[in-house]
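Below is one structure; the comments refer to it alone.
For the numbers below, each heavy atom of this structure counts, side chains included, while hydrogens, waters and symmetry mates do not.
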Amino acid sequence: MNKIQIVGTMLVALTLLCLGACYEDKGNYDYNVLDKVSIDTVGTGMLSEYALMRFDTLELNPEVLFNGRKVSDGADAPLNYLWTIYSAVSGSGANAVIDTIGNARCLKAEINRTGGNYYVQLVVTNRNDKIRQFMRIPVSVSEVFDGGWMVFYERNDIPGTSDLALIYNPWTKLHANYNRYYTNVYETTNGTPLEGKPIRCLDIAVSLASGNNYVGLCTDRTLVGVSENGIEKAMTFADFFHNVPSTESPTWYGEHGAGVMSGQNSEIVINDNKVYTNTYSFSNTEGRTTRFGVAKFANGEIGTLAPWNAELPNTLNYGVVVYDQTYHKFRYAAYNDARLQEFGEQDANVTAFDVNNTGMNFVMADWGRGISQGMNIRPYDYIVMSKGNERYLAVTNFASTTPESTNIGVGLYALNDLCPDILNISSFAASHVGSFVYYSAGHRLYDFAYDSNQPAIVAWEAPSADETITCVRIMKYYHGTVYGYGLVPRADNLVHIATWNETTHEGKVYQYLINPASGLLKMDSHYEYSIPGCVKDMAWKFSMQ
């Protein structure tokens, strides 16, 4: 029986095989040859890897072949191009963001990623069959933000927000043999501009080690700290405080002390009309580890505080000095003391005015020429003040006095008769080495030798009468050691002038060398930069070059 079944099965299989051999395949099939796409860098001058400075432009021109023929930029080849840049580092703490930087065969893109190692990748996609070809090139990015000149401005395209520009040229950065400037650096680095209108930018030197300091950016909405080398947001408003204020409304951010006495320097913030200080120690290696403490208080009522503090007083005698607009008086808090107090009684026979009762309103101020220069910076504070329609230059000495001194107000100069257009003053800067101040009104910059009893002279006029001067700063720095060892480029003999044209909505920054004794500008050469907004503050960016 089993043999019969086996024979039957074999006969069935043989029959099926024969039938299959007789079947005619009448199907209709089309076989398409796939397009061949390739990327070639031979003979293009392209390198196997690149090292760039941040914000340099990267140009790559690979050849792309479609079915053996080179594709020109105008050729009608069914190809899409995508250039991206992404971090070459993976794992914890790596930046996983992938940015698109081009959509053409050739790449020409500004590389604005922060310092680090990256891959720049080209993907060529055939639209017919969706097959892709890849090319990847390592790119090393280095920061350039050591030193330089900071420009803090309100964005023209996004009113009510602030951003930062950085200027690097032989006048603003030691050993620089190039001229570069970068705008909208805060948004480029952090994704969005900074909320609020600009008040102040300040680089406080806490450490001599590069990268351990941060730049404070203060607006009327917030205060943030950004890394000094990358402008990456490192501190939020809350990060500055031990106990975060319920209201986030800063009106001033400043420095207290000349930096040379470790443990007796502070950063200052006036927020919601309350004064906070953060005492820190200057270090060769460590960064800031302290925060703002409790708000200062007074035995009586505190009036509205001016947006100012005396930045370079003797830190052994004062912890902070501010001005009370309501009661027309200066107030101080002793070192590491939380109480704002009045100064001792002033001697009317020797003092130019009473710091406990000035009778004047604060307008604007700057520190300048005092009793010494160099490492032992002991400057005076020069304050433009008003009383009705009268304007005065009040000079105070917090550098070598104590709260009990009887002659803190060392000078008072009436300005109306000697200073044209002083009622329209828009900015102010005091010289540290010469007996002169700058003030601006409209499109003119005036040079006033305050102890000469001579009228102010026009030092500079903007190229257009539509350009209003919004900010004037002289190149100087509060830190005695940094200042005294010549680390501030062109210290005391470089002026920065910012203008705003309301008609064209264009900002400008002009830089001129000056005679540091007289304030006269050297007009034979200058630098000029376009700024996408209205400049409100400028400052030197610390560097241990």
Query raised in the report: Above 12 or not: heavy atoms from other molecules or residues under 6.0 Å from CG of N243?
Result: no
**Report entry** Backbone N/O of Y186 and side chain of N190: donor-acceptor pair under 3.5 Å
**Finding:** yes
Query raised in the report: In terms of side-chain geometry, is the basic nitrogen of D56 or R180 positioned less than 4.0 Å from the acidic oxygen of its partner?
Result: yes
Query raised in the report: Quick one: do E311 and R200 make a salt bridge, cutoff under 4.0 Å?
Result: yes
Requested in this report: Could you tell me whether the side chain of D324 and the main chain of K329 form a donor-acceptor pair under 3.5 Å?
Outcome: no
Report task. Would you please say whether a donor-acceptor pair under 3.5 Å links the side chains of R54 and T188? Result -> no
**Report entry** Distance flag, aromatic centroids of Y527 and Y181, threshold under 6.0 Å
**Finding:** no
Query - Under 3.5 Å donor-acceptor, R391 side chain and S386 backbone - result: no
Query raised in the report: Between the side chain of N309 and the main-chain N/O of E255, is any donor-acceptor distance below 3.5 Å?
Result: yes
Query raised in the report: Side chains of S249 and D272: do they bring a donor and an acceptor to under 3.5 Å?
Result: no
Query raised in the report: Any idea how F241 and F292 line up, ring-wise: parallel (<30°), tilted (30 to 60°), or perpendicular (>60°)?
Result: tilted
Requested in this report: Please determine, by modelled atom types, if N278 and E267 share a side-chain donor-acceptor pair under 3.5 angstrom.
Outcome: yes
Query raised in the report: Hey, are K296 and T277 close enough side-chain-wise for a donor-acceptor pair under 3.5 Å?
Result: yes
**Report entry** D421 and R444 ion-paired at < 4.0 Å
**Finding:** no
Query - Side-chain donor/acceptor of S227 to backbone N/O of E232, under 3.5 Å - result: yes
Query raised in the report: Does a side-chain heavy-atom distance below 4.5 Å link S530 with K508?
Result: yes
Requested in this report: With the side chain counted from C-beta on, respond yes when Y446 and L418 share a heavy-atom pair under 4.5 Å apart, and no when they do not.
Outcome: no
**Report entry** H526 and Y510 aromatic ring geometry - parallel, tilted or perpendicular at 30°/60° bounds
**Finding:** tilted
Query raised in the report: Mind checking whether Y477 and F542 have parallel, tilted or perpendicular rings, split at 30° and 60°?
Result: parallel
Query raised in the report: About how many Å separate CG of L513 and CD of Q511, when rounded to the nearest 0.5 Å?
Result: 9.0 Å
Requested in this report: Return yes if a side-chain donor-acceptor contact under 3.5 Å exists between T222 and E248, otherwise no.
Outcome: yes
Query raised in the report: Is there a donor-acceptor contact under 3.5 Å linking the side chains of Y529 and N169?
Result: yes
Query raised in the report: When you check the side-chain N and O atoms of H256 and N265, is any donor under 3.5 Å from an acceptor?
Result: no
Requested in this report: Just do the salt bridge (Lys or Arg N to Asp or Glu O under 4.0 Å) check on R473 and D537 with the steps written out, would you?
Outcome: CA-CA 8 Å; R473 297 288 183 266; D537 192 32; 3.0 Å; yes
Query raised in the report: Hey, what's the ring geometry for F362 with Y323, parallel, tilted or perpendicular (30° and 60° as the breaks)?
Result: tilted
Requested in this report: Measure from the side-chain N and O atoms of E154 to the backbone N and O of P159, and report whether any donor-acceptor pair falls under 3.5 Å.
Outcome: no
Query raised in the report: Do you know which of T279, N336, T315 makes side-chain hydrogen bond (donor to acceptor under 3.5 Å, both in side chains) with S266?
Result: T279
**Report entry** Whether S426 side chain and I469 backbone form a donor-acceptor pair below 3.5 Å
**Finding:** yes
Query raised in the report: Do K536 and D220 pass the salt bridge (Lys or Arg N to Asp or Glu O under 4.0 Å) test, and can you show the C-alpha distance, the side-chain angles, and the key distance before you say yes or no?
Result: CA-CA 12 Å; K536 294 299 184 181; D220 62 1; over 6 Å; no
Query raised in the report: Does a side-chain N-to-carboxylate-O contact under 4.0 Å join K173 and D146?
Result: yes
Query raised in the report: Using the ring of each side chain (for Trp, its six-membered ring), is Y119 parallel, tilted or perpendicular to Y86, with breaks at 30° and 60°?
Result: tilted
Requested in this report: Would you please indicate yes or no on a ring centroid separation below 6.0 angstrom for F448 and Y413?
Outcome: no
